[in-house]
Amino acid sequence: MERVKNMTKKLMEERQKAEDRIADLEKDIEEMKLKLEEVENEKTSLLNSCEEKEEEVEAITAENEEEMKRISELELEIENNIRVIDSNKNELHNLEQEKKHKEEKHAELEAKLKEFIDECMEMSEAV
């Protein structure tokens with residue numbers, strides 16, 4: 001009988017240990033559920049943040065594309081302006097050459113006129 005009592009006592013102790021272990025495991029499960037919920041919330045928050053960042057990146061990319069288009073247009077405008085400047089330089093050079101030629105012609109005509117006037121003066125003195 002004593003042996004049965006001891007076994008019963010032992011079984012009761014084992015049962016209590018098992019119930020305590022089950023209670024601990026249930027507590028761990030509840031804690032893990034809470035932790036899982038926290039992780040899910042953080043995941044959702046990170047996903048939302050990522051979506052916001054993606055939207056920002058898309059907006060910045062669109063701005064950059066617009067800016068690159070504007071830069072390309074400005075580069076074309078600069079190239080055209082350079083061509084115009086080069087053309088104007090050539091025209092200026094041609095006009096300077098023409099002016100120089102006309103000045104030389106003018107000096108030549110002026111010299112001939114002076115010579116003609118001198119001849120006329122000599123003739124009038126001779127008369």
Side-chain angles (χ1 to χ4, degrees):
M1 185 72 166
E2 189 64 35
R3 192 170 171 216
V4 172
K5 263 186 176 182
N6 283 339
M7 284 183 84
T8 305
K9 184 178 177 186
K10 221 178 197 186
L11 283 173
M12 292 298 273
E13 287 174 356
E14 290 296 319
R15 181 178 177 165
Q16 186 60 45
K17 285 181 186 177
E19 286 175 356
D20 289 347
R21 181 73 179 129
I22 289 171
D24 287 345
L25 290 172
E26 286 174 345
K27 183 181 172 189
D28 289 347
I29 289 170
E30 287 302 313
E31 288 175 2
M32 286 182 184
K33 282 180 181 178
L34 291 173
K35 184 68 174 171
L36 179 62
E37 187 178 332
E38 288 176 19
V39 168
E40 287 293 329
N41 289 340
E42 189 173 341
K43 175 185 165 187
T44 302
S45 174
L46 289 172
L47 287 173
N48 290 339
S49 178
C50 284
E51 286 177 16
E52 290 172 9
K53 295 294 180 194
E54 283 177 10
E55 290 171 4
E56 286 179 34
V57 166
E58 288 173 8
I60 290 170
T61 300
E63 286 176 21
N64 286 347
E65 288 172 356
E66 246 342 276
E67 196 65 23
M68 290 303 290
K69 181 180 174 186
R70 194 171 82 70
I71 287 171
S72 294
E73 290 170 355
L74 288 173
E75 286 174 343
L76 286 175
E77 190 176 331
I78 288 169
E79 288 174 11
N80 287 336
N81 288 343
I82 289 172
R83 282 191 210 100
V84 167
I85 289 169
D86 288 343
S87 173
N88 288 345
K89 282 181 182 178
N90 287 337
E91 187 176 343
L92 177 63
H93 176 73
N94 291 341
L95 289 172
E96 285 173 343
Q97 294 291 59
E98 187 179 330
K99 178 183 174 190
K100 181 180 175 185
H101 175 72
K102 285 183 178 181
E103 285 174 347
E104 289 172 355
K105 187 74 172 172
H106 179 75
E108 185 180 310
L109 288 174
E110 214 171 56
K112 283 183 181 179
L113 179 62
K114 185 176 190 279
E115 186 179 315
F116 176 73
I117 291 173
D118 287 345
E119 284 177 10
C120 286
M121 292 295 263
E122 284 176 13
M123 283 184 175
S124 76
E125 287 176 4
V127 176

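This one's a predicted model, so the numbers in the text were calculated from it and none came from an experiment. Worth knowing before you read on, the calculation uses all heavy atoms, side chains too, and leaves out hydrogens, waters and symmetry mates.
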So, do [X] and [Y] sit near enough that their side-chain heavy atoms are less than 4.5 Å apart?
X    : Y    : value
T8   : V4   : yes
E42  : E38  : no
E79  : L76  : yes
E56  : K53  : yes
N88  : L92  : no
H106 : K102 : no

Strictly below 4.0 Å, N to O, side chains only: are [X] and [Y] in salt-bridge contact?
X   : Y    : answer
E96 : K100 : no
K33 : E30  : yes
R70 : E67  : yes

(request) Would you check if the side chain of S49 reaches a backbone N or O of S45 as a donor-acceptor pair within less than 3.5 Å? (result) no

(message) Tell me if a side-chain donor or acceptor on T44 pairs with a main-chain N or O of E40 at a distance below 3.5 Å.
(response) yes

(request) State, without any angle test, whether N6 and R3 hold a side-chain donor-acceptor pair at a distance under 3.5 Å. (result) no

(request) For the residue pair Q16 and D20, confirm or rule out a side-chain donor-acceptor distance under 3.5 Å. (result) yes

(request) State which residue, out of H93, K99, E91, fulfils the side-chain contact (heavy atoms from CB on, under 4.5 Å) condition with L95. (result) E91

(request) With K112 as reference, evaluate K114, E110, E108 under the side-chain contact (heavy atoms from CB on, under 4.5 Å) test and give the passing residue. (result) E108

(request) Would you check, one step at a time, whether the test salt bridge (charged side-chain N to carboxylate O under 4.0 Å, His left out) holds for E14 with K10? (result) CA-CA 6 Å; E14 290 296 319; K10 221 178 197 186; over 6 Å; no

Reported [atom1]-to-[atom2] distance for the pair [X] and [Y], which is rounded to 0.5 angstrom:
X   : Y   : atom1 : atom2 : value
E58 : E65 : CD    : CD    : 10.5 Å
I82 : S87 : CD1   : OG    : 13.5 Å
E73 : E75 : CD    : CD    : 10.5 Å
E54 : L47 : CD    : CG    : 9.5 Å
L25 : M32 : CG    : CE    : 9.0 Å
I78 : I85 : CD1   : CD1   : 10.0 Å

